[in-house]
Protein chains: 2
Amino acid sequence: MVRSKNTRRAILDLGESLLQDQGFNGFSYAHIASQLGVKNAAIHYHFPAKEALGSAIIQRYRDRFDLWINNSRVKDLPPQEKLDWFFSIYTTTRADNGKVCLAGSLENEFNSLPESLRKQTKALTEELLAWLQVTLSEGKAAGSFHFAGDPADKAALILSSLQGALQLARAMGTKKFLAVVEQNKQELLV
Amino acid sequence: MVRSKNTRRAILDLGESLLQDQGFNGFSYAHIASQLGVKNAAIHYHFPAKEALGSAIIQRYRDRFDLWINNSRVKDLPPQEKLDWFFSIYTTTRADNGKVCLAGSLENEFNSLPESLRKQTKALTEELLAWLQVTLSEGKAAGSFHFAGDPADKAALILSSLQGALQLARAMGTKKFLAVVEQNKQELLV
DNA sequence: GTCTATAGGGGGATAGAC
DNA sequence: GTCTATCCCCCTATAGAC
């Protein structure tokens with residue numbers, strides 16, 4: 001049982017990593033198995049189909065984000081530091097072997113995903129946007145953020161730019177990614 | 001010979017469409033062949049390997065962009081209308097069955113692409129960024145654009161957001177994409 | 001230029017032994 | 001829980017006829 005839990009967790013960890021590295025269609029049970037030192041069939045014991053594995057990966061990601069934003073260490077921060085924390089997630093993702101945003105990776109393959117993964121992807125994106133929007137509203141009300149228009153639209157712009165910048169950085173390097181983050185920060189101050 | 005040119009062109013058209021729809025690893029020679037009403041091997045006659053097909057698709061895309069921006073109908077426009085034209089490319093892409101930016105699609109699969117396609121992807125992205133940067137500089141100098149910081153960084157932010165927004169729209173719908181475009185436009189006016 | 005036929009590999013998934 | 005063995009499908013690519 002202990003072994004099972006460890007293996008299951010290791011599969012999820014590796015699957016998440018591969019998903020952000022190669023995309024959903026870019027990794028296989030064989031990849032996970034070989035890197036884990038087990039056989040193909042062992043993965044199928046824990047996740048009968050790839051769709052189930054994918055869904056579990058996204059669900060865990062969503063749960064983790066939910067835990068973070070409701071954790072007092074993030075929840076009680078001033079808006080500006082909240083946003084810095086959010087940006088740092090993406091900076092860490094970039095630093096981790098040039099991975100991309102989980103949501104962005106899935107959206108890119110959206111047209112070939114099974115329905116359950118599309119739903120999970122949409123739910124994740126909605127949660128990211130919702131938190132961003134609220135944080136931006138808070139900051140605007142507190143006078144620490146300055147931007148024109150609807151906080152929902154500004155949230156969509158920031159999230160899009162972060163997802164896009166992680167991808168763009170694969171061709172253009174980390175400097176370009178960091179430039180996008182800094183430009184986003186700077187524009188909120190003016 | 002006429003037949004050949006038509007087939008070659010039809011392959012490129014369909015390949016480009018599939019690339020923006022399903023990604024490079026998401027379409028096959030069989031897909032192209034069946035939609036074209038020819039056989040697998042016919043595609044290989046025109047493009048011996050998939051890498052050659054991919055490279056030709058990107059090259060043609062780059063050539064087309066180059067033609068456009070040096071066309072007097074775009075070249076002689078005021079900066080604001082130039083940028084509107086650029087945005088309209090992405091809006092058209094979104095309207096075309098929810099396709100995504102060619103560069104964004106390729107960057108997402110960057111880690112599994114052969115070297116020649118990585119180079120092409122990088123070159124395309126550089127050309128998009130370079131044109132955007134110059135156009136933003138022109139507009140700033142002319143007083144029609146207002147933004148803080150380096151035009152190169154602003155160009156990276158805008159391009160990232162457009163690529164990201166096309167992907168985000170797959171999960172969240174066209175409204176969110178249009179919101180990102182409008183937010184970008186609005187922020188340049190303030 | 002396009003066809004038929006086929007090689008050779010990788011993918012997801014399952015049955016049954018241990 | 002993990003293994004071996006295997007099935008079946010799709011993929012890229014090639015050889016040779018027409």
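Computed from a prediction, not measured in an experiment: that's the story for all the values here. Order of the sequence lines sets the chain letters (A, B, ...), proteins ahead of strands, with each chain counted from 1.
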Rounded to the nearest Å, what distance is computed from the [atom1] atom of residue [X] to the [atom2] atom of nucleotide [N]?
X       : N      : atom1 : atom2 : answer
A:Arg9  : D:dG1  : CZ    : P     : 17 Å
B:Phe47 : C:dG1  : CZ    : P     : 13 Å
A:Leu53 : C:dA13 : CG    : C1'   : 14 Å
A:Asn25 : D:dC9  : CG    : P     : 20 Å
B:Tyr45 : D:dA15 : OH    : C1'   : 16 Å

Looking at [N], I'd like to know if its phosphate oxygens (OP1 or OP2) sit under 4.0 Å from a side-chain N or O belonging to [X].
X       : N      : result
A:His44 : D:dT2  : no
A:Thr7  : D:dT2  : yes
B:Ser28 : D:dC10 : no

Exercise. Does the side chain of B:Gln80 come under 3.5 Å of the side chain of B:Asp84 through a donor N or O and an acceptor N or O?
Worked result: no
Counting only heavy atoms not in [X] (residues, nucleotides, ligands), do more than 12 fall under 6.0 Å from its [atom1]?
X        : atom1 : value
A:Arg9   : CZ    : no
A:Lys122 : NZ    : no
A:Lys119 : NZ    : no

For this session: Using side-chain contact (heavy atoms from CB on, under 4.5 Å) as the criterion, list what pairs up with A:Leu77, not counting sequence neighbours.
Result: A:Glu81, A:Lys82
Problem set entry | Shortest side-chain distance from A:His46, nucleotide among C:dG11, D:dT12, D:dG1 | D:dG1
Give me, pair by pair, the N or O atoms of the protein and of nucleotides 3-7 of chain D that are less than 3.5 Å apart, along with how far apart they are.
unit_1	atom_1	unit_2	atom_2	d
D:dC3	OP2	A:Lys39	N	2.7

